[in-house]
Protein chains: 2
Amino acid sequence: MDLAIFSVVEDALRVLLVRRPDAHEEPFPGQWALPGGFIDLRVDQDLESCALRKLKEKAGISAPYLEQVGSWGGASRDPRGWSATHVYFALMASDDVSLVPGGNASDVKWANVDGNRIREKLAFDHTEILKAAITRLRNKVEYTSLPAFLMPAEFTLSELQHVYEITLDRSLEKKAFRTRVLATDLLEEVPRRRAGANRPAQLFKLRNRKHLVYFSRALTSGGRQ
Amino acid sequence: MDLAIFSVVEDALRVLLVRRPDAHEEPFPGQWALPGGFIDLRVDQDLESCALRKLKEKAGISAPYLEQVGSWGGASRDPRGWSATHVYFALMASDDVSLVPGGNASDVKWANVDGNRIREKLAFDHTEILKAAITRLRNKVEYTSLPAFLMPAEFTLSELQHVYEITLDRSLEKKAFRTRVLATDLLEEVPRRRAGANRPAQLFKLRNRKHLVYFSRALTSGGRQ
DNA sequence: TAACATGGTGGCACAGTACCACTAAGAAAT
DNA sequence: ATTTCTTAGTGGTACTGTGCCACCATGTTA
């Protein structure tokens, strides 16, 4: 079981990494890896509850967006022999990030996603797994409301667009974005505005914290470069 | 490892089933199930080669469209205890169907997909797994060229549309379908026509037997009822 | 040669997006 | 108090791909 836990922190898409134990009998000692671990047959009813348990242990969150990416198995991915892992990706709201890391700070970190990879070299086949997770995320953001699960409880339309732009790594056209989002029942106005050194912006919240909205088309090219 | 092998036979979407062995120490004796089996750690380099091997054994085909659907694991899916399986779905060209079944004819059959289920009651959690595979297939057909992998080497546009309609279980509008397909580089004309009791139809083949085309929108409602 | 059946197209309406200029509303600077 | 600045939010037209449907095309069969 391995997890790709994403969040948007400081205007960047990030993924949670943990450091492998430094014991010499362990494979890839001291290297960065995706959080995960073995299934506990006495505790975990099924794969999803195992993923939820790991998520709570590593990131301290209990009700994130969770989706299976797939499974990887083979003879060469672990030096100890044939192995298989089930991979999930999770999305964390940015205001829950402060709760992380739950363990020793030096052994957990958020790594920046650049393009469709990260700078760190990962243990096992985690580089390939992470690439698949990022690709899945990006593709799905094109035609769903996935980035909504990366938002805090209340947010403005511009903030939501900004998170879309960060996860897609390209700019979007403002009017098209707004029309498209407001045409669905994704959002609900709250009677508050975000103040700043400019015109205050309407705040919204999700109408349903669990529901994923599908758009009928993808947005193509984007606004200001 | 379990496989949902689809094909379109006699104007219907079908999935390949195998009968469980009748020995009493086996779970679900004599019941229908998705083809599959255990990974052979000496032979299978990774999950995909295991799926390809099973596919060759059960259906006698060697280069189909193959895609991972996900994995299922839990304490209650097998009476023998905690277990997990990796699930792939495969698409077979209709003219390869004659090669099936490879084993005893009475132990293998094509089952009709009705709605998003089949009539047969399946062993283990295979009913749920198959439902997920059918849903994945249907969803993806909306915006990709997946049904092209269900076609014989040469086919007409009407035949392709017909296979789309069978997999989607609804009718499509002729002009919209043609315009959309021909706007991509999916097909290539061959210098032959399909004769019949009517105007002969242009035959096409896939420009690339492996490449999957993505459309920018889904088709909505369809033509003649 | 007329009837029939399916192949294939022309043309207009419509929905959702692309584009871009414009107005709106607040804080900060003058 | 007025101007400047910055981001919020909108109006309006063009464009693309689809929905719709009538119509023509081209073969076989009666």
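Throughout, a chain's letter reflects where its sequence line sits, starting with A, and its residues are numbered from 1.
Atom CD of A:Glu173 is separated from atom P of D:dC15 by 16 Å (rounded to the nearest Å). Rounded to an integer number of Å, the gap from CZ of A:Phe177 to P of C:dA18 is 12 Å. Between the NZ atom of A:Lys174 and the C1' atom of D:dA8 there is a distance of 6 Å, given to the nearest Å. The separation between B:Leu219 atom CG and C:dG16 atom C1' is 15 Å, rounded to whole Å. Here the C1' atom of nucleotide C:dA18 and the CZ atom of A:Phe215 are 17 Å apart, to the nearest Å. Per the geometry, CG belonging to A:Leu182 stands 17 Å off C1' belonging to C:dA15, to the nearest Å. The CD atom of A:Glu165 sits 14 Å away from the C1' atom of D:dT7 (whole-angstrom rounding). Atom NE2 in B:His162 sits roughly 11 Å away from atom P in C:dG7 (whole-Å rounding).
Contact of B:Lys175 with C:dG10 (side chain to base): a donor-acceptor pair of N or O atoms is detected under 3.5 Å.
One finds no side-chain N or O of B:Ser216 lying less than 4.0 angstrom from the OP1 or OP2 phosphate oxygen of D:dG17. Put simply, B:Ser158 has a side-chain N or O that comes within less than 4.0 Å of OP1 or OP2 on C:dG7.
Along DNA chain C, the nucleotide nearest B:Glu159 and the nucleotide nearest A:Arg180 are compared for position; the residue whose nucleotide lies closer to the 5' end is B:Glu159.
Under a 3.5 Å cut-off, the side chain of A:Arg207 and the backbone N or O of A:Leu187 do form a donor-acceptor pair. Looking at B:Thr184, its side chain does come within 3.5 Å of a backbone N or O of B:Leu186 through a donor-acceptor pair. Distance alone, capped at 3.5 Å, is enough to place a donor-acceptor pair between the B:Thr85 side chain and the B:Met1 backbone.
In this structure, of C:dC19, C:dT17, C:dT9, it is C:dT17 that holds the atom nearest to the side chain of A:Ala176. Minimum atom distance to the side chain of A:Arg217 is reached by C:dG16, of the listed D:dG19, C:dG16, D:dT10.
The side chain to side chain contact (heavy atoms under 4.5 Å, CB included) with B:Lys140 is formed by just one residue from the set B:Leu146, B:Thr135, B:Thr167; it is B:Leu146.
Contacts between residues 185-203 of chain B and DNA chain C, defined by a heavy-atom separation under 4.0 Å, are made by B:Asn198, B:Arg199, B:Pro200, B:Ala201, B:Gln202.
Taking the six-membered ring for Trp and the full ring otherwise, the centers of B:Phe204 and B:Phe155 sit at least 6.0 Å from each other.
A tilted orientation is assigned to the rings of A:Phe89 and A:Tyr65, their planes being inclined by 30° to 60°.
Contact check for A:Glu154 versus A:Arg194: no side-chain heavy atoms found under the 4.5 Å cut-off.
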